[in-house]
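Single-structure report; data block below.
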Amino acid sequence: MLLTAELSALAGAAFVAEGYDGAFGAVRVSDRPDLAQFQCNGALGAAKSAGQNPRALGEKIAARLKADPLFAAVSVAGPGFINLTLTDEALSARLNGGAGGWRAETPETIIVDYGGPNIAKPLHVGHLRAAIIGECMKRLIRAAGHAAIGDIHMGDWGLPMGQLITEIARDRPDLPYFDPAFEGPYPDQSPVTLEDLERLYPQASAACKADPARAAEARAATAALQAGRPGYRALWKHFLAVSRASIEREYEDLGVTFDWWKGEADVDPLIAPMVEKLRAEGLTEIDDGAEIMRLARPGDKKELPPLILYKSDGAVMYGTTDLATILDRRETAHPDRIFYVVDGRQRDHFEQVFRAAGKAGLYPEDRLEHLWFGTMNGKDGKPFKTRAGGVLKLRELIDMVDQKAAARIAETGLAEGYGASETAAIARKVGVAALKFADLSNPRTSDYIFDIDRFTSFEGKTGPYLLYASVRARSILRKAAQAGAGAPGAPAVGAPEERALVLMLLQYGDALKDAFDRRLPHYLCDHAFRLAQSFSSFYAACRIVDEADPKIRAARLGLVAAFAGQLDTVLDILGMPAPERM
RNA sequence: GCACCCGUAGAUCAGCUGGAUAGAUCGCCAGAUUCCGAAUCUGGAGGUCGCAGGUUCGAGUCCUGCCGGGUGCGCCA
């Protein structure tokens, strides 16, 4: 249970006893740690609504709370702030009783859609945030007590497919895939490698941009693929297999995994019946040869364009596949919600899809959430580019961060004598932590500036700092065991630094709940950092392994163990596990 | 043009549903290591919260207008 919830209930009861709504009893961690540990500002609001003096009401509430032995101090400050400080015994008891955590009351099943890589297109920095935030949201959902299903939602069904097919057809028209008379079976071996795809796609894309006739050809091929032309389907399956292997590897390097590897193509069979049903219900209309669904509403401030179900050439767009995907998810997993971790520039698109889903009765609109995120920018404040001005591949970024982390480790003399493979594994973890923490510690919706030197620093609010704190705590516990310092006992509060650390540990549930409720992982990052800071202060101020008093020693070891456990739990949710040593 | 996001310390950013003296981190200045990992810790300087009005007992937070930056607006994803 949340400690703040327990305190809120107490204060709420006091408000009720004075004839006010218990909700005024909301207690939170104090903004003024120099004055108190917790505060309740309810007296101001309650008095305002009742036309009473807030200070006087605060005194009445405080008088009731003072009777509880839980509190070491209850006071009223300023216009009516109620300041609360718990006894050290109460703090220790709650920590040892497992307080401070949090779990949702009603477990739900939530699908997280956070990949969206396109076949034949290498992953680039644009995919990074979706991967990092999505993976974290998936873990956050689970930490909150819900069930999560991560779906990569491959972009395997759009115009790029037609562009690729036609490009290969031009290059090698002799292949059986392009012979309408060919009756199969088609070759098992892919006619193209990953490198071919990565070369051919930009080539095709550029050609289509330059030549309308070439573009029309690609659109026709896309439509033919979607209509089921056997040769195109066979070729497309090769694209899929070749791409997936490399995509999987890159996500794994980032510690990102998916439960479902579904894609747009998987829902293709659902599209025709779905649209037919919409048509029968009179929800669609033909406009300029395209079949659309109008979604504008009376109170709209902006003009929301209709969702195009079928283009005038008969091919579908991603709005159509997104709708069919909702249908598929509903039937196969019966999710309570679906989260889309996708760039904020697609907000209008998801507004369209969500409205369409609601209007068509496919899925409740308010259970579909677009968890959009901002852009990762370069130091110039503009979207991140390579020196040449191109898009940086994710592979290149991972290598860059890897190397930087390895260099940092080498220059500080860490991991000496660990052996090459362990050192490399540590560098990978440090690099991933640097990258992920930098991303997640910003509010999801804001843009941020990518600064590799700052991110990989071991100083300040960085991923490596957190890893270091974890490693140090583990090291202490190992040393204590080796030195026969005794087993960790129940944490107790003695020194001010211990009190501060215990208070931080008790705030974990609030951070978890805030992060989940608001779908903002940075609350958890903030907690992790402040927790690590509290630990470092405690560590600097208190002897642990060689503390002479065995009772204090055991309590402090217990505190270290509690810290290490909680930090590692949070690091796990953030998707940046610490090494055992470094 | 319309809609949305943003503007807080030299830099990068927090600030929950309106509450006390606007917080961190980096950088800068001054300290701390016969001791468990100093990649650390302690302290200090540094802010007209873009501008101007308004609502309120109280505004970084809510409302209006303006200035500046970014993004999106029908057959790409």
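Only this structure's heavy atoms are used, side chains among them; waters, hydrogens and symmetry mates stay out. Every chain is numbered from 1 and lettered A, B, ... according to where its sequence line falls, protein lines coming before strand lines.
- Out of C36(B), A77(B), U25(B), the shortest distance to the side chain of Leu159(A) is found at A77(B).
- For the side-chain contact (heavy atoms from CB on, under 4.5 Å) with Pro491(A), the qualifying choice from Leu559(A), Leu501(A), Leu557(A) is Leu559(A), the only one to do so.
- Of the candidate nucleotides C36(B), C16(B), C75(B), C75(B) has the atom nearest to the side chain of Ser312(A).
- Of the candidate nucleotides G37(B), A77(B), G74(B), G74(B) has the atom lying nearest to any side-chain atom of Pro305(A).
- The side chain of Ile292(A) sits closest to G74(B) out of G74(B), A20(B), C35(B).
- Nucleotide A22(B): unpaired (no Watson-Crick or G-U wobble partner with both distances less than 3.5 Å).
- Between G37(B), C16(B), C41(B), one nucleotide has an atom nearer to the side chain of Asp31(A) than all others, and that is C16(B).
- With a cut-off of 3.5 Å on both Watson-Crick or G-U wobble distances, the partner of G27(B) is given as none.
- When the side-chain nitrogen and oxygen atoms of Thr375(A) are compared with OP1 and OP2 of G70(B), none of them lie within a distance under 4.0 Å.
- Set against U25(B), U56(B), A77(B), the side chain of Gln346(A) has A77(B) as its closest nucleotide.
- Considering only side-chain N and O atoms, Ser446(A) lies under 4.0 angstrom from the phosphate OP1 or OP2 of A14(B).
- Between A52(B) and G15(B), the distance separating the two P atoms is 25 Å to the nearest Å.
- Distance from the side chain of Phe529(A) is smallest to U25(B) among A20(B), C35(B), U25(B).
- Out of U12(B), C35(B), G37(B), the shortest distance to the side chain of Arg543(A) is found at C35(B).
- With G15(B), U25(B), C16(B) as the choices, the nucleotide that has an atom nearest any side-chain atom of Lys461(A) turns out to be U25(B).
- Side chain Asn83(A) to base A20(B): a donor-acceptor pair is found below 3.5 Å.
- Closest contact between the side chain of Gln39(A) and the listed nucleotides G74(B), A20(B), G37(B) involves A20(B).
- Residue Lys479(A) is the one, among Lys479(A) and His349(A), whose nearest nucleotide of RNA chain B lies closer to the 5' end (criterion: closest heavy atom).
- The number of heavy atoms from other shown groups lying within 6.0 Å of CD (Glu411(A)) is above 12.
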